[in-house]
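The structure under discussion appears below in the form of structure tokens.
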Amino acid sequence: MQSFDYATPKSAEEVATLLAGKNGEAQILAGGTDLLVQLREGRRQAKLVIDIKNIPELTQVTFDPQNGLRIGAAASCFQICSDPNVRQHYPGLVDAVRLIGGVQIQNRASVGGNLCNASPAADSIPALIVHEAVCHITGSNETRTLPVEEFCMAPGKNAMRPGEFLTSIGVPVPQGNFGASYLRFIPRSEMDIAVVGAGASVVLNAEGKQFVSARIALGAVAPTPLLASDAGAFLAGKAVTRENVREAAHRAQAIAQPITDLRGTAEHRRHLCAVLVERAVGKAIERAGGQYAQ
Amino acid sequence: MPSKTHVTATINGEEVEFLCEPHQSLLEVLRETLGLMGAKEGCNNGNCGSCNVILEGRLVNSCLVLAVEIQGKSVTTIEGIATPEGLHPLQQKFIEHAALQCGYCTPGFIVAAKALLDQNPNPSEHEVREWLAGNLCRCTGYDRIVKAVLDAADS
């Protein structure tokens, strides 16, 4: 592996100072499951690796009923999935995060890193989008917040400017009769990359028979994960019927721009979009305590 | 060239000090500096599990950990699994079930299985298979490995 210096700052301010001093030649290390592979293969360069795991603010998962969930950028998948508040309030996120890699990867990989790596097929991103998550970003002079659906720009490229880094991911508290889910298609059951991924969240009315709102997101069918705004908006105010969900799935399918690669053909991916969205919305409805009208 | 870093850690219950460069993986230092050759380099990118060790009680791929990251931490490798009295039940059951052919993946499987049994002493076959999904074996077809782990859990 290429040589680099290694720093273990104790605060976010210190990270910002280190980044500012290295003019784009520093890399942030959380779990290392992407970064170390990329450095080894020469796909990324670093003169300085900044390990952020010694900063409590960046490694904690905290929840409060007003402000919701805050996932430190370096919190591991294991830590997130075993958090009782995450399990109770954020089922779509749990679905997605527990699919990332095997046990060894889960113990190290962070959701913050999954996001920063900006893979079109990242499992956590569609789930974060349907949970309306935001990215908290710090630079040397300012902090800013960006919705997750605006964070990825292209494969491997995110919206952060030089000198900025992700400190945490914020996720609001679900309101009302809420349910969410994430599904992916892969040829085997573990340790694979999504051919297509689909996330859905719904809020149902008190009787569980009408959608108050819905969000649908897709992974691995475009250069970045996609929020299918039109598909979600279509469901708002509609009855909870299979026909309506199928129509939303077709609207989500319509924004996919899949490619053909070793994991699947564009045609197969387009087909999977509709199937997975319909099932993901169905699961979200079930979790929201609703069911399809007979 | 960055200077070497001094690291103190607990490895298999003993305090160990070593010097390493920041870019060296824990796997590299275990094998080449500390002479612990049990963890194997397979893929060197986190897919095969043959370099598995237990870091602070959690199973990790030592190829995806920098050696400098273990400062002040505790690591268990395959060399720390048996006791002076004898083999760990997992090692014994791997022998009895002939759960290996070439043996290259075996240390990783045993360390991974130990991490499973430490937190779930009585796993189902499905749980064993799911847990071991991050370990690759190109000889056995996995069946004997799964049986050995289930048998070790029973004993």
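Every chain is numbered from 1 and lettered A, B, ... according to where its sequence line falls, protein lines coming before strand lines. Nothing here was measured: the structure is a model prediction, and the numbers come from that model.
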Flag the pair B:His6 / B:Phe18 as yes when their ring centroid distance falls below 6.0 Å, and as no otherwise.
no
Salt-bridged, A:Lys47 to A:Asp5, with N to O below 4.0 Å?
no
Cut-off 4.5 Å, heavy atoms of chain B, and the answer for A:Leu29 is side chain
In terms of heavy-atom proximity below 4.5 Å to chain A, should B:Gln71 be classed as side chain, backbone, both, or neither?
neither
Could you check whether B:Arg58 makes a cation-pi contact with A:Phe78, meaning its NZ or CZ is under 6.0 Å from the centre of the six-membered ring and within 45° of the ring axis?
yes
With a 4.5 angstrom heavy-atom cut-off, could you sort out which part of A:Gln2 is near chain B: side chain, backbone, both or neither?
backbone
Under 4.5 Å from a heavy atom of chain A, the part of B:Gln24 involved:
neither
Mutual orientation of the aromatic rings belonging to A:Phe63 and A:His89 [parallel < 30°, tilted 30-60°, perpendicular > 60°]:
parallel
Least distance between heavy atoms, B:Ser50 atom then B:Cys105 atom
CB-CA, 4.4 Å
Taking every heavy-atom pair that is under 4.5 Å apart, which of B:Leu132, B:Asn52, B:Asn44, B:Asn47 has the most such pairs with chain A?
B:Asn44
